[in-house]
Amino acid sequence: MSDLPRRAVTRSAKLATLPLSFAGRTALGLGKRIGGKSAELVAQEIQQRTAEQIFKVLGELKGGAMKLGQALSIFEAALPPEIAGPYRATLTKLQDSAPPLPAATVHKVLTEQLGDDWRENFLEFDDSPTAAASIGQVHKAVWHDGRAVAVKIQYPGAGKALIGDFNQLARLGKLFGVLLPGLDIKAVLSELRERIAEELDYLREAEAQHAFALEFKDDPDFHVPDVIAANEQVLVTEWMDGTPLSRIISDGTKEERDRAGLLFVRFLFASPARVAMLHADPHPGNFRMLADGRLGVLDFGAVNRLPDGYPKVFGQLTRIFNHGDMETVVEGLRAEGFIRPHIDVDVDALRGFLAPYVEPTAVEEFTFSREWLQAQAASVTDLRPTNVVRQLNLPVSYVLIHRVHAAGVGVLCQLGTTARFRDEVIRWVPGFHEEDAPDPA
């Protein structure tokens, strides 16, 4: 796999460049301070160069390091576009250009996983993949009973490479602390490591997908292909045709984009209540608009299991914010771990940061747009230590929820959707409606 460097020595060497470079920049900063530069200016320079180095190295790796970059989009929100932009471009390139496994390797994996007689399961099997991602690729086939199926095959060695990356990244807590002093990065890394390990287990993914398929069977709004067969590294599901959400984004009519965005939000908010799980990888490649108007959903490798449904405090704090009681909001954020005990935040700055993201819940109808998102990003790309974004923590129980919110807002802005999002929040998010009680103290 040319795009997945699996040799431990090579991967460790790339990651090891981070702490050495950081030490050098710290020494350089001390020299500049002695030479008369202000401490704050030097700190900004160190943070910017540290950020550039982190994103450069993480962008070169396609295992756990890349997953970390995808999941912790909070880093990008807190950094200037000249740093985060090239990194995002690198990730996009990695996602879009993953070279497929040779057919011989695919056959070898299928033989190892399904046995020498694996072909007896299929009437047809297309050796050319229809999709390739960071840990596996998908082939179209015809099951032995005549059904069209998708066969998802995990890359050999993907698991070892992913876990190896996280073992290395766990040593870099101090580096991330320079960029985001309010973030408990070690706890976040530990949580991500566990979630990535889950993504490697296709049996676990099959269990989640089957639960979604059962709940949404014959649903007027959604379709989830059911699981046909699975083991740890091969997953066979029903095939699903449809128009990729990326094509709706680029070529869809306003009506189509509004419909897609509304269903997208409804699916994400309704799932914790209906399935006790949240689909945690909401990028356009995992969604299709079907000919009958329903939203089709794929890829359940990353799910957030929420046995009690969506966190009630999220809805409560959103409602309280809309009512203007920032003191209670800050208390609630501290209680949930978003603001750590040793961190003091500027309440007005916090209100300014949160307001745009709460806005869709405060009005009857809202339009997401790229311009709106750019305006929000511009307000948080300040590298000074006083930037409120950099003072906030990401509690481990919210790691995947944050990933969904950040990615979801991005998709909605790409779609330019206008819809009654507040109605969906009232219907599906516990604690938001006035009748829900009590409020957090």
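Since we're looking at a predicted model, the values are computed, not measured.
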Asks: Are any side-chain N or O atoms of Thr417 and backbone N or O atoms of Cys413, one a donor and one an acceptor, separated by less than 3.5 Å?
Replies: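 Not a single qualifying donor-acceptor pair exists.
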Asks: Could you check whether any side-chain N or O of Gln209 sits under 3.5 Å from a backbone N or O of Pro225, counting only pairs where one atom can act as donor and the other as acceptor?
Replies: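 Yes, Gln209 side chain to Pro225 backbone: donor-acceptor pair under 3.5 Å.
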Asks: How many angstroms lie between atom CG of Leu317 and atom CZ of Phe338, to the nearest 0.5 angstrom?
Replies: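 Taking CG in Leu317 and CZ in Phe338, the distance rounds to 8.5 Å.
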Asks: Compare every heavy atom of Arg319 with every heavy atom of Phe432, then report the nearest pair and how far apart it is.
Replies: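 Shortest heavy-atom separation between Phe432 and Arg319 comes out as O-CD, 2.8 Å.
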Asks: Salt bridge check, Asp423 against Arg420: does any charged N sit closer than 4.0 Å to a carboxylate O?
Replies: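 Yes.
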Asks: Under the 3.5 angstrom rule, does the side chain of Arg288 hit a backbone N or O of Leu295 as a donor-acceptor pair?
Replies: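 Between the backbone of Leu295 and the side chain of Arg288 there is no qualifying donor-acceptor contact (under 3.5 Å).
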Asks: Can you name the side-chain hydrogen bond (donor to acceptor under 3.5 Å, both in side chains) partners of Thr367, sequence neighbours left out?
Replies: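 For Thr367 the side-chain hydrogen bond (donor to acceptor under 3.5 Å, both in side chains) partners, ignoring immediate neighbours, are Thr418.
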Asks: Given Phe222, which partner from the list Phe264, Phe267, Phe212, Phe287 fulfils the ring pair (Phe, Tyr, Trp, His ring centres under 6.0 Å) test?
Replies: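 Running ring pair (Phe, Tyr, Trp, His ring centres under 6.0 Å) over Phe264, Phe267, Phe212, Phe287 with Phe222 returns exactly one hit, Phe267.
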Asks: Can a donor-acceptor pair be found, under 3.5 Å and without considering hydrogens, that links the side chain of Asp281 to the backbone of Gly301?
Replies: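 Side chain of Asp281 to backbone of Gly301, a donor-acceptor pair under 3.5 Å: no, none is there.
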Asks: Can you find a pair of side-chain heavy atoms, one from Leu278 and one from Leu400, that are under 4.5 Å apart?
Replies: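 Counting from C-beta outward, Leu278 and Leu400 never come under 4.5 Å.
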Asks: How close do Pro284 and Gln414 get, heavy atom to heavy atom, and via which atoms?
Replies: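 The answer is CG-OE1, 4.0 Å.
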Asks: Taking all heavy atoms of Gln154 and all of Glu232, pick out the closest pair and write down the distance.
Replies: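 For Gln154 versus Glu232, the nearest heavy atoms are NE2-O, 4.0 Å.
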Asks: If you compare all heavy atoms of Phe421 against all heavy atoms of Pro360, which two are closest, and at what distance to 0.1 Å?
Replies: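 Where Phe421 meets Pro360 most closely, the heavy atoms are CB-O, 4.2 Å.
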Asks: Kindly say whether His139 contributes a backbone atom to a donor-acceptor pair with the side chain of Thr130 at under 3.5 angstrom?
Replies: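 No, the answer is negative, given that no donor and acceptor are paired below the 3.5 Å cut-off.
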Asks: Any salt bridge between Lys152 and Glu205, counting N to O under 4.0 Å?
Replies: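 Here Lys152 pairs with Glu205 in a salt bridge, since their nearest N and O are under 4.0 Å apart.
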Asks: Checking Arg257 side chain against Gly252 main chain: does a donor-acceptor pair fall under 3.5 Å?
Replies: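 Yes.
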Asks: Just how far is it from atom CD1 of Ile339 to atom CD of Glu331, taken to the nearest 0.5 Å?
Replies: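 Here the interatomic distance stands at 10.5 Å.
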Asks: Looking only at non-hydrogen atoms, find the nearest pair between Arg351 and Met326 and report the distance.
Replies: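 Shortest heavy-atom separation between Arg351 and Met326 comes out as NH2-CG, 3.2 Å.
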Asks: With sequence neighbours left out, write down each residue that passes salt bridge (Lys or Arg N to Asp or Glu O under 4.0 Å) with Asp258, or none if nothing qualifies.
Replies: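 By the salt bridge (Lys or Arg N to Asp or Glu O under 4.0 Å) rule, Asp258 matches Lys254.
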Asks: Hey, can you tell me if His405 and Phe314 have their rings parallel, tilted or perpendicular (30° and 60° cut-offs)?
Replies: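 Correct class here is tilted.
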Asks: Do the side chain of His283 and the main chain of Gly285 share a donor and acceptor less than 3.5 angstrom apart?
Replies: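 A pair under 3.5 Å: yes.
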Asks: Is the backbone N or O of Leu101 less than 3.5 Å from a side-chain atom of Gln137, with the two atoms forming a donor-acceptor pair by type?
Replies: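 Answer holds: yes.
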Asks: Please check if the side chain of His279 supplies one atom and the backbone of Leu298 the other of a donor-acceptor pair under 3.5 Å.
Replies: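 At least one qualifying donor-acceptor pair exists.
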Asks: Can you see which heavy atom on Gly261 is nearest to which on Leu412, and at what distance?
Replies: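 The pair with the smallest heavy-atom distance is O-CD2, 3.6 Å.
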Asks: Can you name the side-chain hydrogen bond (donor to acceptor under 3.5 Å, both in side chains) partners of Glu327, sequence neighbours left out?
Replies: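 Glu327 satisfies side-chain hydrogen bond (donor to acceptor under 3.5 Å, both in side chains) with no other residue.
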Asks: Tell me yes or no: between the side chains of Thr361 and Asn322, is some donor less than 3.5 Å from an acceptor?
Replies: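 Yes, because at least one side-chain N or O of Thr361 sits under 3.5 Å from a partner of the opposite role on Asn322.
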